[in-house]
Participant: 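Would you mind keeping the following structure in view while I ask a few things?
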Amino acid sequence: MALFVDLNITNCKEVKKLQSMIEMAAHLGYSAVAINHVAEFGKKKAEIVKPIATKDLFPSPPTVQGKSTPIKILTRLTIVASDPSHCNVLRSSSPITKLYDIVAIYPDTEKLFHTVCTATDVDIICINVTEKYPFFFKRPPLRPSSHRGIFFELIYTPAIKDFTLRRNTISNALSLMEVCKGKNIIISSGAEKPLELRGPYDVATLGLPFGLSERSAKSALSTNCRAALLHGETRKTAFGITYTMKKPRDDEEEEESAEPASKKAKKE
C-alpha cells in the first residue's frame, strides 16, 4: 500500500484549527503532513521564525486511518521571492533553513524562475495556480532542476473553490506538463481549513485534468513526496561533493617517458 503525503498544510495562528487539519489528514489516510510557514519578501524584510514543535500540537499524534501508526508531522519553509537577493537566505550554510524538513520557493518573475531552476538550493519550486502565467515554461531551465532532484508543486484547493481559479489551475498545470512530461511533480493541498482537504485517491483523480497519468498522479502524492523529503535531508547534512580526476600529462612529459632510460642518462 502506498504511503501518501501532503507537503503543504498552511500554518495558522489558531492551534485548534491546525490540529483539526492534521486530524482530518490522518482520517483521510495521509501518513505524513508538512506544516507550511510562508515568508513573503516584499518591501520589508520577512521574519523567518523557528518551526512549530510537534509536542506543542499533540502529546501523541493521531493515528492514520487503516493503519496502526501515528501521522508524521513535518515542517516546511516557503519563501515568496521577487528578487534574486531574496534567495540569499536559502544558502546551505544558513542556520534557519536547517531547522525545516522542507524548503520551498515561490518565484514571482520569469527571470527569478529561471534562476531558481538552475542555481538555487531548494527542495520544491511552487507553481502559481491562481493566475495565468505571463510566460511559457521552457525546457532548458527546467532540465537542470530535474537533474538536481528538485520538484515542482501544484496545489489543488483553488481548483475546488472557484471556476476561474480552476481554469487557471488546469491551464498552468497543462503548460507545465507539456515541458516536464509529468516528471518531478508534487500535488499538495495548500489547505487553510479541514474541509478543503481531499482523500489521496480523490486528489489522484484531480491530477488527470492536470495532464498527469493515473500512475504519475499517485506518484505525485507518494514516491515523489518521499524523494523531496530525502532531498531535504541531503540538503541539511551534505556540505559538498569531492570529485577527483587524473591530471592530463603534457606532450613533453609523454615524450620523455617514452624514451629509454639509456637515452635519458646520456642527455644528463
Side-chain angles (χ1 to χ4, degrees), residues 4-40 52 57 62 64-65 71-80 101-108 123-133 151-177 182 184-212 214 216-222 224-225 228-229:
F4 295 108
V5 183
D6 188 344
L7 291 181
N8 193 342
I9 295 226
T10 305
N11 185 19
C12 55
K13 295 181 180 179
E14 298 180 24
V15 178
K16 290 185 178 180
K17 183 187 289 187
L18 192 57
Q19 290 174 339
S20 298
M21 285 193 287
I22 294 172
E23 289 172 351
M24 176 64 76
H27 177 72
L28 292 172
Y30 289 97
S31 298
V33 293
I35 301 173
N36 186 21
H37 173 76
V38 180
E40 296 188 19
I52 189 168
L57 292 173
V64 180
Q65 180 72 18
I71 189 170
K72 189 174 183 180
I73 303 173
L74 307 164
T75 56
R76 166 177 163 172
L77 172 66
T78 300
I79 301 294
V80 181
D101 298 305
I102 291 287
V103 175
I105 188 167
Y106 197 117
D108 274 352
D123 308 312
I124 295 174
I125 298 174
C126 306
I127 303 298
N128 184 8
V129 295
T130 58
E131 298 177 0
K132 192 170 182 179
Y133 261 92
F151 290 83
F152 297 94
E153 180 190 53
L154 298 168
I155 59 173
Y156 64 80
T157 48
I160 61 177
K161 284 182 178 180
D162 180 76
F163 174 76
T164 304
L165 294 177
R166 179 164 60 252
R167 182 178 59 188
N168 291 337
T169 301
I170 294 174
S171 175
N172 291 343
L174 290 174
S175 178
L176 178 64
M177 297 309 157
N184 288 54
I185 298 295
I186 284 175
I187 300 179
S188 305
S189 65
E192 299 177 353
K193 303 175 183 177
L195 293 177
E196 292 178 350
L197 288 165
R198 294 294 183 271
Y201 292 100
D202 294 333
V203 179
T205 304
L206 284 172
L208 300 179
F210 293 171
L212 291 168
E214 183 178 356
S216 298
K218 289 181 179 179
S219 297
L221 295 163
S222 55
N224 290 358
C225 295
L229 289 171

Participant: How close do Cys126 and Arg76 get, heavy atom to heavy atom, and via which atoms?
Facilitator: SG-NH2, 3.3 Å
Participant: For Pro158, give me all partners under side chain to side chain contact (heavy atoms under 4.5 Å, CB included), at least two apart in sequence or on another chain.
Facilitator: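 Once residues adjacent in sequence are excluded, the partners of Pro158 under the side chain to side chain contact (heavy atoms under 4.5 Å, CB included) criterion are Val129, Thr130, Ile155, Leu165, Thr169.
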Participant: Report the residue from Thr78, Asn36, Thr157 that forms a side-chain hydrogen bond (donor to acceptor under 3.5 Å, both in side chains) with Asn8.
Facilitator: Asn36
Participant: Using the side-chain contact (heavy atoms from CB on, under 4.5 Å) rule, take Ile35 and Thr75 through it: C-alpha gap first, then chi angles, then the decisive distance, then the call.
Facilitator: CA-CA 5 Å; Ile35 301 173; Thr75 56; 5.5 Å; no
Participant: What residues form a side chain to side chain contact (heavy atoms under 4.5 Å, CB included) with Glu192, not counting sequence neighbours?
Facilitator: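 Result, side chain to side chain contact (heavy atoms under 4.5 Å, CB included) vs Glu192: Thr10, Glu196.
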Participant: For Lys72 and Leu74, which heavy atoms make the closest approach, and how far apart are they?
Facilitator: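 Smallest interatomic distance, heavy atoms only, reads CE-CD2, 3.7 Å.
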Participant: Look at atom NZ of Lys161 and say whether more than 12 heavy atoms of other residues, nucleotides or ligands are closer to it than 6.0 Å.
Facilitator: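 Counting neighbours around NZ of Lys161, more than 12 heavy atoms of other residues, nucleotides or ligands fall under 6.0 Å, so yes.
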Participant: Show me the donor-acceptor pairs, under 3.5 Å and distance only, between side chains in residues 19-26 and residues at least two apart or in other chains.
Facilitator:
residue, atom, partner, partner atom, Å
Gln19, NE2, Leu57, O, 2.6
Ser20, OG, Lys16, O, 2.9

Participant: Find the distance between CG (Asn184) and OG (Ser219) and round it off to the nearest 0.5 Å.
Facilitator: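 The OG atom of Ser219 is 11.0 Å from CG of Asn184, to the nearest 0.5 Å.
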Participant: Which pair of heavy atoms, one from Leu7 and one from Ala228, lies closest together, and at what distance?
Facilitator: CD1-CB, 4.4 Å
Participant: How close do Leu212 and Ser216 get, heavy atom to heavy atom, and via which atoms?
Facilitator: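 Smallest interatomic distance, heavy atoms only, reads CD2-CB, 3.9 Å.
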Participant: Tell me every residue that passes side chain to side chain contact (heavy atoms under 4.5 Å, CB included) with Leu206, counting only those two or more places apart in sequence or in another chain.
Facilitator: Tyr156, Ile160
Participant: Between Ile9 and Tyr30, does the side-chain contact (heavy atoms from CB on, under 4.5 Å) criterion hold? Intermediate values first, please.
Facilitator: CA-CA 12 Å; Ile9 295 226; Tyr30 289 97; over 6 Å; no
Participant: If the condition is side chain to side chain contact (heavy atoms under 4.5 Å, CB included), which residues does Leu174 pass it with, not counting sequence neighbours?
Facilitator: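 Here the qualifying residues are Ile170.
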Participant: Sub-3.5 Å donor-acceptor pair from the side chain of Asn224 to the main-chain atoms of Ile185, do we have one?
Facilitator: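 Yes.
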Participant: For Lys218, check salt bridge (charged side-chain N to carboxylate O under 4.0 Å, His left out) against everything at least two apart and list the hits.
Facilitator: Glu214
Participant: Give the minimum heavy-atom separation between Leu28 and Leu197, together with the two atoms involved.
Facilitator: CD1-CB, 3.8 Å
Participant: With Tyr106 as reference, evaluate Ile125, Ile124, Asn128 under the side-chain contact (heavy atoms from CB on, under 4.5 Å) test and give the passing residue.
Facilitator: Asn128
Participant: Please report the shortest heavy-atom distance between Phe4 and Ser222, naming the atom on each side.
Facilitator: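 Between these two residues, the closest heavy atoms are CD2-CB, 4.3 Å.
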